[in-house]
Amino acid sequence: MTMMKIDEIRQILDLVREHELSELELESDGVRIRIKKGGQAIVQAAAIPVGVPTAPAGPTLVATAAAEQPSPEIEIDSELAIVKSPIVGTFYRAPEPNAPPFVQPGDSVKNGQTLCIIEAMKMMNNIDSEYAGTVVKVYAENGQPVQYGERLFAIKR
């Protein structure tokens, strides 16, 4: 089995972070790597015999690499604050199905203002803004599941 060097794995993880990928799968020289983002990066490497179909993979070696930076709830990029999901659940833009959304792109928000609700285990969790500014983008779709650390809103401060 071909082994990857730690530096090669770090480079791949850096690319995943840099391009904000949630999942990546690579195959090269008989080694298959699958990285899936969600709190921790999971690196799976499996030897694939040459000439054998890749459907059922052989033995799998799983190595867990802790992310160098834990996914913060807010990511600040110059004047733009990215509000990320603090939990796994279902994203709702409004308090009720027929109600208007809490915020729309272009709306001004205040510190502590509710941006959305995430339902997790039958509990409704208000997600509040930690910054005052203008909503630039809504990343999540209403009624769709969101993962921990997934982008929800971009707010220009």
Side-chain angles (χ1 to χ4, degrees), residues 4-28 31-46 57 60-157:
M4 291 194 73
K5 295 178 184 172
I6 295 294
D7 290 337
E8 293 172 324
I9 294 171
R10 284 190 180 131
Q11 288 176 340
I12 293 169
L13 290 173
D14 288 342
L15 285 172
V16 169
R17 283 188 210 106
E18 179 181 331
H19 295 285
E20 299 172 0
L21 301 175
S22 59
E23 190 169 339
L24 174 71
E25 190 166 336
L26 299 170
E27 184 176 333
S28 177
V31 175
R32 184 172 59 185
I33 297 173
R34 182 169 175 249
I35 300 170
K36 188 170 183 178
K37 200 173 187 180
Q40 282 189 340
I42 304 296
V43 179
Q44 295 178 335
T60 302
L61 168 68
V62 178
T64 303
E68 291 176 16
Q69 301 173 358
S71 297
E73 184 176 328
I74 301 288
E75 174 184 291
I76 301 170
D77 183 20
S78 66
E79 294 182 6
L80 202 61
I82 304 298
V83 178
K84 294 183 177 184
S85 178
I87 57 176
V88 174
T90 304
F91 174 84
Y92 294 108
R93 292 191 61 194
E96 297 176 354
N98 295 325
F102 288 108
V103 294
Q104 295 274 25
D107 288 355
S108 293
V109 294
K110 298 176 184 173
N111 190 4
Q113 181 177 341
T114 300
L115 299 173
C116 66
I117 294 174
I118 296 181
E119 178 185 4
M121 297 174 47
K122 305 288 182 196
M123 299 280 300
M124 299 297 182
N125 301 283
N126 288 348
I127 307 302
D128 299 331
S129 178
E130 292 189 22
Y131 293 100
T134 303
V135 176
V136 177
K137 183 167 175 91
V138 180
Y139 293 100
E141 294 292 326
N142 192 50
Q144 296 300 309
V146 293
Q147 299 297 315
Y148 170 80
E150 186 174 333
R151 289 175 170 226
L152 301 176
F153 298 92
I155 298 174
K156 185 173 182 181
R157 303 184 314 145

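Residue indices begin at 1 and follow the sequence shown.
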Do [X] and [Y] come close enough that some side-chain heavy atom pair is under 4.5 Å?
X	Y	value
Ser129	Phe153	no
Leu115	Phe102	no
Tyr139	Ile82	yes

Do you know the tightest heavy-atom contact between [X] and [Y]?
X	Y	result
Val146	Ala140	CG1-CB, 3.9 Å
Ile127	Val83	CG2-CG1, 4.3 Å
Ala99	Ala94	O-CB, 3.4 Å

Under the rule for side chain to side chain contact (heavy atoms under 4.5 Å, CB included), what residues qualify as partners of [X], not counting sequence neighbours?
X	result
Tyr92	Thr90, Ile117, Glu119, Asn142
Pro105	Arg93, Val138
Thr134	Ser108

Neighbour count >12 (heavy atoms, 6.0 Å) for atom CD, Gln104: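 Yes - once you tally the heavy atoms of other residues, nucleotides and ligands closer than 6.0 Å, there are more than 12.
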Pairwise distance CG(Leu152) to SG(Cys116) - rounded to 0.5 angstrom: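 Those atoms lie 5.0 Å apart.
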Ile87 vs Asn125, side chain to side chain contact (heavy atoms under 4.5 Å, CB included): CA-CA, chis, key distance, verdict: CA-CA 9 Å; Ile87 57 176; Asn125 301 283; 3.4 Å; yes
